[in-house]
Structures are given as C-alpha cells and as structure tokens.
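We name chains A, B, ... by the order of the sequence lines, and we start the count at 1 in each one.
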Protein chains: 2
Amino acid sequence: MNDQPLPDAGLLALSRDFREALRHSIYLVRRLDADGELSAAQLSTLKMLLDAVDDGVRVGEIARNLGVKVPSATEQIIKLERAGLVRREADPDDSRAVRVKLTGEGHAAVESANTRRNAVMAGILGSLSDRERQALAAALPVIGRINESLQP
Amino acid sequence: MNDQPLPDAGLLALSRDFREALRHSIYLVRRLDADGELSAAQLSTLKMLLDAVDDGVRVGEIARNLGVKVPSATEQIIKLERAGLVRREADPDDSRAVRVKLTGEGHAAVESANTRRNAVMAGILGSLSDRERQALAAALPVIGRINESLQP
DNA sequence: GCCTAACTGTTAGGCTTCCTAACTATGAAC
DNA sequence: GTTCATAGTTAGGAAGCCTAACAGTTAGGC
C-alpha cells in the first residue's frame, strides 16, 4: 500500500474521495432513520437531554448541537413536547430562557430508538473484516475533530 | 424478546461512535454546499452526466444514484433543465425512456462547482496532521464499501 | 432609577426536498 | 391484440430549514 506521507496532490484526491464518501452516506443515514418513530434531529435532541437530566438544556444550545437555527430547534421541541417526550420549564436564573427536559416517556423512547439504531448499525458493521473496522475506528476521531472545528 | 445474541461490546461502541460522527458531519456537508449555486443533489447529477457525455443517463438511473425516488429526480432534472445545464432527449432504443445530457453550460458549471468544493474541503483537511489524513484515507474505502452494500 | 442595546425564544410565512398516488405512453409476453 | 410491466410526469402533501418580525428579559451607561 501507500505508506509514504501524502503529497499535496494527494490532498485534493483525498478531498474528492471524502466528499464522495460523505455524499453516498445518505444511504446509511436513511437506513438508520428508517425507524419512522423519531427523526434524526429529534433523537439527537433527546440524547442531549439524556446527558442533562437534572437541569435540562436550553433551546439555543439544542439548536447549536443540531446545527440549525433557533426557530428550527423550537419547531422540533414543540413536536417532541406534543408527543409527550419532553417538557419546557422556565429557567430559574434567566427568565428569557427555557429549559427543555426529558419526561419519563421520553427517556424510554430515546433508549429504545438508540438501541435499535445501534443494532442496525452493528448489523452493517458486522459484515466488515476486523481490519476494516479498525481502519474505520481510527478515522472516527479525525472526523470528529473536523466536525468540531466547523461547529459554530 | 431477546431472541438473538447481543453484538460484541466493541462493535456496539463502534456503531455508536460512527453514528455520532455521521450525525455531526452535517456541519461539513453544509459547509460544502454553502455555494448556493447548486444543491448537493444537483451537483451529483451533473457529475454523473459528466461521465456519460455521449449517451446521457436515464432518469431512473439518476434517481438510484441520488438515493431518491424517480419523481424527486424528475423534479431536480427539470430545475437543471430550466437553468440550461442539462437537456432531455428521447431514448432512441426505448421511447418510454428519457436520456438526460449535459449542455456546454452544464459542463462548465459542474467543473467550477466541483473545483470550488474540493478546494473548500482541501482547506479543511489541510489543517490535519499527516497522520490524521492517513487515517482518514484508510477509512474511506471501508465507508465506500458500506455505502455500496446499502445502495438499492 | 431609566434608557438603550443585546439576548432568548416564539410565531409567521415561504422555500426546498422528499414522498405516495394517479396518470400517460410505450414495450413485452403470450 | 389483450394484458401486464416499465419509464417517466404530474399533483398534492408532509417535513425540515430559513429569515423577518415580535415579546419579554437582562445588562450596561448615565
């Protein structure tokens, strides 16, 4: 294989290939979201709340995490609220703010959806070789670093 | 209930991390599409046509490549046609079919948009270390294989 | 204290993309 | 030459995202 450091021409080739991989990942994303129960954004929101059960999370923070504007986050939160999965409470420290918290039902829903989607993904990754899984695992922190650097 | 054995713990962790990485990649995808000129689907369509300049590509094939249903592909093709980037011709062998071909203007547009987005991506990947780029490069074929296996 | 500016979130309206269902037209099988 | 399958378009609607306008709250300057 090619073990020498990537030349500058390789940077462009890598860019092209990464773009292509990202583009085709829609198949993967769609497969995972085929649940029908919760949209990807809704599940992400609930997962966020899972890590902040006590205090809840502010709308703006949810929006930032989802990569959308605040009104779009509000829209999703209202849907989750209507479904009984979250509730909105006034922030004791700042009356402008709203704290979104998970309900018991929401807690169950996120656990269930999360488990199922992980199982689907595990089924897909299970067909890979150990070597391939290692290559994938080694790249995830890199992708994570890229994504963090772009997060506003 | 649990009729099948739980997947290996490492596999589940990888599944979770990969899902997380994919989810956060929306920042990256949005950054690349910030052009405003062409949507991701439209650029993908034009790139497809670039590789089949002579014969054009059928609508169903475009839909499959985009990962959408035929009516959605038709919609995008009509927009591209109205923008003067593609034209639709009857298939000489099958009068039911339509062959979508790139115009000269479309050719220029895809080259330009592609070059620009590759440059944006290269700018992002340029901030990585060689080691990180190598890890990413090693994982792309794996991701590609996963995506291909899911393509209908 | 007050006035202004900044901030948090909601509402309203519109755009894009995707879907399913229904339709037209053509091809293929028998 | 029916009959069934296939290719694509049209119509209508759902979901997600956006910007702009708004109300309420906080914080800083005077």
Across every strand shown, the nucleotide meeting Watson-Crick or G-U wobble geometry with D:dT6 (both distances under 3.5 Å) is C:dA25

Mind running side-chain hydrogen bond (donor to acceptor under 3.5 Å, both in side chains) on A:R16 and B:N114 for me, showing each step along the way?
-> CA-CA 9 Å; A:R16 182 173 29 74; B:N114 213 24; over 6 Å; no

With a 4.0 Å heavy-atom cut-off, tell me which residues in residues 70-81 of chain A come close to DNA chain C, sorted by residue number.
-> A:V70, A:P71, A:T74, A:I78

If only atom types and distance count, is the side chain of B:R31 paired as donor or acceptor with the main-chain N or O of B:M121 below 3.5 Å?
-> no

Write down the distance between CD (A:E61) and C1' (C:dG9), rounded to a whole number of angstrom.
-> 15 Å

Grab the NZ-C1' distance between B:K69 and C:dA21 for me, whole Å please.
-> 13 Å

Over how many whole Å does the gap from A:R99 atom CZ to C:dT10 atom P extend?
-> 13 Å

Go through residues 90-98 of chain A and report each residue with a non-hydrogen atom lying under 4.0 Å from DNA chain C, sorted by number.
-> A:R96, A:A97, A:V98

Checking B:R87 side chain against B:K101 main chain: does a donor-acceptor pair fall under 3.5 Å?
-> no

Return the value, rounded to whole Å, for the distance between atom CZ of A:R88 and atom P of D:dG24.
-> 16 Å

Spell out, as yes or no, whether a donor-acceptor pair under 3.5 Å connects the side chain of B:R133 to the backbone of B:L125.
-> yes

Taking CG from A:L66 and P from D:dA15, how many angstroms apart are they, rounded to a whole number?
-> 17 Å

May I ask you to decide if A:Q42's main-chain N or O and A:S39's side chain share a donor-acceptor pair within less than 3.5 Å?
-> yes

Between A:R88 and A:V100, is there a donor-acceptor pair closer than 3.5 Å when you use the side chain of the first and the backbone of the second?
-> no

Would you mind reading off the distance between B:R64 atom CZ and D:dA7 atom C1', rounded to a whole angstrom?
-> 11 Å

Using atom CZ of A:R82 as one end and atom P of D:dA14 as the other, report the distance to the nearest whole Å.
-> 14 Å

Would you say the side-chain atoms of A:R23 and B:N147 include a donor-acceptor pair closer than 3.5 Å?
-> no

Can any side-chain N or O of A:S129 pair as donor or acceptor with the backbone N or O of A:E132 at less than 3.5 Å?
-> yes

Grab the CG-C1' distance between B:D33 and D:dC18 for me, whole Å please.
-> 15 Å

B:K69 NZ: over 12 foreign heavy atoms closer than 6.0 Å | no

Can B:L66 be reached from B:V57 by stepping across I, L, V, M, F, W or Y side chains whose heavy atoms are under 4.5 Å apart?
-> yes

A:R116, CZ: over 12 other non-hydrogen atoms inside 6.0 angstrom | yes

Which residues in residues 44-60 of chain B have at least one heavy atom lying under 4.0 Å from any atom of DNA chain D?
-> B:R58, B:V59, B:G60

